[in-house]
Amino acid sequence: MTTHHLKLNLQDETATERLAQKLASTILQDHASAPVQSDQAAAVIHLSGDLGAGKTTFARAFLRQCGVTGRIKSPTFALLEAYNVSSLNFYHIDFYRFSDPREWADAGFRDLFQPDSVVLIEWPEKADGTLPTADVLIQLDDHDPGRIAVLEARTPRGTRWLNKLQTNP
Ligand SMILES: Nc1ncnc2c1ncn2[C@@H]1O[C@H](COP(=O)(O)OP(=O)(O)OP(=O)(O)O)[C@@H](O)[C@H]1O
Ligand SMILES: [Mg+2]
């Protein structure tokens, strides 16, 4: 069966981190199994949910799993943190303080979306209409004491990732 949608119960912070690690491994495997094509779109994950929902927690665990070492800062103030691991560029963006969509063009954000880029975006709704299509949207919501995560694929590649996640829990 094809999975476009996954709903998961994340009981604690560790569960959020495990989900992030699994998605990261899936995406890395994808990249390892086929050479990056010059016309390929960047891998894009949108992270939505209220303040404190766990978006940065997810992004940190994802980046660690991808091989990022050293401190992983929340991009809340800088808007963007960039990392390079072997042949891939990772961008962690937080649009919480973003107010004018024109800032998007002025800051040159479009240039980040290269075939060898993996882009994680917190608060994507604040830059609505200016972002390229996400492969997967992740919505995190409070579900005392943990969180509920809803993952939705928006591209064939995103669907493939969710299928792998589901068959490899
Ligand atoms: N599944 C979970 N269950 C309970 N607590 C969690 C879970 N996942 C993460 N947390 C906790 O929730 C808090 C989330 O903080 P985090 O900075 O990741 O949120 P955020 O969504 O990035 O917020 P912001 O919108 O302010 O950037 C952390 O204290 C983390 O330990
Ligand atoms: Mg955050």
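For ligands, and for the atoms within them, numbers begin at 1 and follow the listed sequence. In this text the structure is predicted, and so the values were computed from the model without any measurement.
Of all the atoms in ligand 1, the ones that sit under 4.0 Å from a non-hydrogen atom of Glu122 are 22 (O), 27 (O). If you number the atoms of ligand 1 from 1 as listed, the ones under 4.0 Å from a heavy atom of Leu10 come out as 1 (N), 2 (C), 3 (N). Counting atoms of ligand 1 from 1 in the listed order, those under 4.0 Å from a heavy atom of Thr56 are 17 (O), 18 (O), 20 (P), 22 (O), 27 (O). Close contacts between ligand 1 and Gly146 involve ligand atoms 3 (N), 4 (C) [criterion: under 4.0 Å to a heavy atom]. Within the listing of ligand 1, atoms 3 (N), 4 (C) sit less than 4.0 angstrom from a heavy atom of Pro145.
Every residue was checked against the side-chain hydrogen bond (donor to acceptor under 3.5 Å, both in side chains) condition with Asp12, not counting sequence neighbours, and none meets it. With sequence neighbours excluded, no residue forms a salt bridge (charged side-chain N to carboxylate O under 4.0 Å, His left out) with Arg60.
If you check each of Ala20, Gly49, Gly54, Ala61 against atom 19 (O) of ligand 1, the one with the closest non-hydrogen atom is Gly54. Evaluated by nearest non-hydrogen atom to atom 23 (O) of ligand 1, the leading choice among Gly52, Ser48, Ser74, Ala15 is Gly52.
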Walk me through whether Leu120 and Phe90 qualify under side chain to side chain contact (heavy atoms under 4.5 Å, CB included). CA-CA 8 Å; Leu120 301 167; Phe90 294 88; over 6 Å; no
Going through the checks in order, is the side-chain hydrogen bond (donor to acceptor under 3.5 Å, both in side chains) test met by Glu122 and His92? CA-CA 8 Å; Glu122 297 185 45; His92 181 189; 2.7 Å; yes
Can you check side chain to side chain contact (heavy atoms under 4.5 Å, CB included) on Asn9 and Ile148, steps first, answer last? CA-CA 5 Å; Asn9 205 337; Ile148 295 278; 4.2 Å; yes
Check the pair Thr155, Val44 against side chain to side chain contact (heavy atoms under 4.5 Å, CB included), reporting the backbone distance first and the verdict last. CA-CA 10 Å; Thr155 64; Val44 181; over 6 Å; no
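Ring pair Trp123/Tyr96 is tilted by interplanar angle, where 30° to 60° counts as tilted.
Here Asp30 pairs with Arg160 in a salt bridge; the nearest charged N to carboxylate O distance falls below 4.0 Å. Here Asp142 pairs with Arg147 in a salt bridge; the nearest charged N to carboxylate O distance falls below 4.0 Å.
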Would you mind writing out the side-chain donor-acceptor pairs for residues 13-20 within the sub-3.5 Å range, not counting sequence neighbours?
none

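Protein N/O/S atoms nearer than 2.8 Å to the Mg ion (ligand 2) total 2.
Ligand 1 lies less than 4.0 angstrom from a heavy atom belonging to Trp123.
If you check which protein heavy atom lies closest to atom 20 (P) of ligand 1, you get Lys55 N, 3.5 Å. Among protein heavy atoms, the minimum distance from atom 18 (O) of ligand 1 is reached at Thr57 OG1, 2.6 Å. In terms of protein heavy-atom proximity, atom 12 (O) of ligand 1 is closest to Arg147 NH2, 2.9 Å. Residue, atom and distance of the protein heavy atom nearest to atom 26 (O) of ligand 1 are Leu51 CD2, 3.3 Å. Scanning the protein heavy atoms around atom 31 (O) of ligand 1, the nearest turns out to be Glu13 OE1, 2.8 Å. Looking only at protein heavy atoms, the nearest one to atom 7 (C) of ligand 1 is Thr16 OG1, 3.5 Å.
Counting heavy atoms closer than 4.0 Å to ligand 1, residue Asp12 contributes backbone atoms (N, CA, C, O) but none from C-beta onward.
Side-chain contact between Ile93 and Phe98 is absent, with no heavy-atom pair separated by less than 4.5 Å. Considering only heavy atoms from C-beta on, Val85 comes within 4.5 Å of Val68 through its side chain. Between Ile27 and His31 the shortest side-chain heavy-atom distance falls below 4.5 Å.
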